[in-house]
Amino acid sequence: MTYSDSAGTGYLPTTTNTVTVTGPSLTISNGTPMLGMRQNGGVNSANVQVANSVTGSPLVVNLVSTDPTVVTVPATVTIPVGTYYAYFQITAHDAIGTIQIQATAVGYGGANSSVQVTAPKFAISTSASVNTTSPRQSITVSAEDANSTQHPTNEDVTVTLASLSGAVGTIDSAFVVIPLGQYYNNHARFIPGAAGTTQLSATDSRVASYRYSTATQNVAVNTPTLSLNWGATSNLGIGQYDDRTVQAPDYQVSPLTVSFAHFNAASSTPSSVIIPTSSYYSTVRVSGIFAGTDTITASATGHNSIKGAVIVAPGRMDQNSYWPSALSLSGTDSVQVILYARDQNSGIHYVTAPTTFTLTGTSNVQFVSGGLSSAPITSATIPADANYVQFWIKGLTAGTSTVTVANANYTTYSPSITVTP
């Protein structure tokens, strides 16, 4: 650039150094830096951008791959007015290599991005551990590059499926197809057989440079194990019961008979129960018979058995709701008490038969059937299939004395109660 004195006042002209004027630069955002042969990144593989939204008229960007035998891209892509980017697809072909995608546009600096094409490979995925009674398991086969990233395919890709041990498990389809434009197929199912381990494989039977490498997965098929919902140990009082469940790990396709054996007769159950079709459990009643520890074994055809201990001991009555430590003689003071059937660890249970507790009052305290005006009582009964009984305690005269609640199958309860004037 030269500056001169246009007025002719005697100043000499001067010249600047070279000044270079450039347009704004393009940029490429590439979400697909690697592909397997005959794979693509989809219509949103990458995008070319400008710094600001395009104005005036759409911007045409020229695209080129430095080696079209490895990767191709569209010849042009247009950024519409009012936006600053446009997507384009990157497609890999039948050669391994690394290329550059180059973008140019009139008035803009160019941009480039690298893409590597590798040998393609399959991936296979299903449950690694199932039971002989498990339902059919979905198998997913995917098309991937060497770094295990999944990509859509340029063609229908046929996948041959096999199980190494047909006795352990089979596959319901000899082959599946990953469709053009998709990256996976999940229509095949693994069918468990006998207990053991098998290896599943997904193979490309073509003989070509773009052949997918084989994928494998080991699958363990296990004998299912029953379970008892009370865990390893349960507590019951004598004459008490719980309705528990025995469970199988899978929903049953036909009724399953579960049998029960006892180490001794401290507890009882039915000899067997049936887990019905389309269910995985059945209810079993466990009852305490006499003091002792019983081991219950649950068994069923085709299943591992399970054991659970039941500890039966005298029940306890020392944790009753609202039991008073003091009463007054105000004329209105009586307390309703709820007596629960508890085991030795204070768990509440139902009783198998009517269970009567002897109530022994004193000259200071009286048991009554309800409120101040009710008749005195000397016993209270928990009905069969219930877990509590209610009665009232009434103050009679001032003083402290000990009352008693007793039953042969329970630890006697003898609390002190103070009655005040």
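Keep in mind it's a predicted model, so treat the numbers as computed, not measured.
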Does S65 reach the main-chain N or O of V71 with its side chain, forming a donor-acceptor pair under 3.5 Å? yes
When you look at Y410 and I238, which way does the side-chain contact (heavy atoms from CB on, under 4.5 Å) test go after all the steps? CA-CA 8 Å; Y410 288 76; I238 301 168; over 6 Å; no
Does F88 have more than 12 heavy atoms from other residues, nucleotides or ligands lying within 6.0 Å of its CZ? yes
Using only atom types and a distance under 3.5 Å, with no angle test, would you say the side chain of N112 pairs donor to acceptor with the backbone of A103? no
Side chain to side chain, V157 and Y212, heavy atoms closer than 4.5 Å: yes
Sub-3.5 Å donor-acceptor pair from the side chain of N222 to the main-chain atoms of V130, do we have one? yes
Electrostatic pair D243:R285 at N-O distance under 4.0 angstrom: yes
Taking the side chain as every heavy atom from C-beta outward, state whether P80 and P58 have any atom pair closer than 4.5 Å. no
Would you check if the side chain of Q39 reaches a backbone N or O of E144 as a donor-acceptor pair within less than 3.5 Å? yes
Before giving the answer on side-chain hydrogen bond (donor to acceptor under 3.5 Å, both in side chains), spell out for D385 and Y241 the whole-Å C-alpha distance, their side-chain angles and the decisive distance to 0.1 Å. CA-CA 9 Å; D385 301 319; Y241 74 84; 2.8 Å; yes
Among T360, V337, T412, L359, find the one that has a side-chain contact (heavy atoms from CB on, under 4.5 Å) with V405. L359
Got a donor-acceptor contact below 3.5 angstrom from the T245 side chain to the S282 backbone? no
Is it true that, when you exclude F122 itself, more than 12 heavy atoms of the residues, nucleotides or ligands shown sit nearer than 6.0 Å to its CZ? yes
Any side-chain heavy atom of T32 sitting closer than 4.5 Å to one from H151? yes
Crowding at OH, Y413 (>12 non-hydrogen neighbours, <6.0 Å): yes
Within a strict 4.5 Å, meaning less than it, do heavy atoms of the L226 and L228 side chains meet? no
Do any N or O atoms from the side chain of S279 and from the backbone of P276 form a donor-acceptor pair under 3.5 angstrom? no
Derivation and outcome, side-chain contact (heavy atoms from CB on, under 4.5 Å), residues T27 and S29: CA-CA 7 Å; T27 58; S29 177; over 6 Å; no
In this structure, CZ of F357 is separated from CG of N409 (nearest 0.5 Å) by 9.0 Å
Look up atom CD1 in I139 and atom NE2 in H187, then write down how far apart they are to the nearest 0.5 Å. 12.5 Å
Consider only side-chain N and O atoms of S165 and T198, and report whether a donor and an acceptor are under 3.5 Å apart. no
Heavy-atom donor-acceptor pair, D294 side chain to F263 backbone, under 3.5 Å: yes
Write down the atom of Q217, the atom of S127, and the distance for their closest heavy-atom approach. NE2-C, 4.0 Å
Would you sort out whether H262 and T269 count as a side-chain hydrogen bond (donor to acceptor under 3.5 Å, both in side chains), showing the intermediate values? CA-CA 9 Å; H262 292 259; T269 61; 2.8 Å; yes
Residue pair T140, N186: steps toward the side-chain hydrogen bond (donor to acceptor under 3.5 Å, both in side chains) verdict: CA-CA 4 Å; T140 299; N186 63 355; 4.8 Å; no
So, the side chain of Q240 versus the backbone of R342: is there a donor-acceptor pair under 3.5 Å, distance only? yes
side-chain hydrogen bond (donor to acceptor under 3.5 Å, both in side chains) evaluation trace for S305 with S299: CA-CA 5 Å; S305 60; S299 305; 4.5 Å; no
Measure the NE2-CG distance between H93 and N154 for me, rounded to the nearest 0.5 Å. 6.5 Å
Separation between CD (Q247) and OG (S227), nearest 0.5 Å, reads 4.0 Å
Donor-acceptor under 3.5 Å (T66 side chain, Q100 main chain): yes
Report yes or no: do Q252 and D250 form a side-chain donor-acceptor pair below 3.5 Å? no
Note: I296 and S267 closest approach over all heavy atoms is CD1-OG, 3.8 Å
Going from CD on Q102 to CG on L63, what distance comes out if it is rounded to the nearest 0.5 angstrom? 10.5 Å
Distance-only polar pair, side chains of T149 and N147, donor-acceptor under 3.5 Å: no
Please report the closest heavy-atom contact between T126 and S138, naming both atoms and the distance. OG1-O, 2.8 Å
Please report the shortest heavy-atom distance between A195 and T223, naming the atom on each side. CB-OG1, 3.7 Å
With side chains defined as the heavy atoms from C-beta onward, is the minimum distance between S287 and L236 less than 4.5 Å? no
Classify the side-chain pair S201/T214 by whether it contains a donor and acceptor separated by less than 3.5 Å. no
Taking 4.0 angstrom as the limit, do R38 and D94 come out as a salt bridge? yes
What is the distance from atom CG of N387 to atom NE2 of H349, rounded to the nearest 0.5 Å? 9.5 Å
Determine whether the side chains of T98 and Q116 contain a donor N or O and an acceptor N or O closer than 3.5 Å. no
Non-hydrogen side-chain atoms of W392 and F367 separated by less than 4.5 Å: no
Do T83 and S53 have a side chain donor and acceptor closer than 3.5 Å? no
Side chains of V176 and Y184: does their closest heavy-atom pair fall under 4.5 Å? no
Under 4.5 Å between any side-chain heavy atoms of T118 and M34, yes or no? yes
Of all heavy-atom pairs between V77 and V48, which one has the smallest distance, and what is that distance? CG1-CG1, 3.6 Å
Would R211 and T203 satisfy side-chain contact (heavy atoms from CB on, under 4.5 Å), going step by step from the backbone distance to the final call? CA-CA 9 Å; R211 178 177 182 268; T203 305; 3.8 Å; yes
Evaluate the criterion side-chain contact (heavy atoms from CB on, under 4.5 Å) for residue pair I377 and F391; output intermediate values, then yes/no. CA-CA 9 Å; I377 58 174; F391 51 86; 3.8 Å; yes
Please report the shortest heavy-atom distance between V351 and P383, naming the atom on each side. CG2-O, 3.1 Å
Is it true that, when you exclude F290 itself, more than 12 heavy atoms of the residues, nucleotides or ligands shown sit nearer than 6.0 Å to its CZ? yes
Ignoring hydrogens and angles, state whether a donor on the side chain of Q336 or Q390 is under 3.5 Å from an acceptor on the partner side chain. yes
Which is it for R136 and D172 under the salt bridge (Lys or Arg N to Asp or Glu O under 4.0 Å) test, yes or no, and what are the steps along the way? CA-CA 9 Å; R136 298 183 177 201; D172 67 355; 3.8 Å; yes
When you measure from the side chain of D156 to the backbone of L180, do you find a donor-acceptor pair of N or O atoms at a distance under 3.5 Å? yes
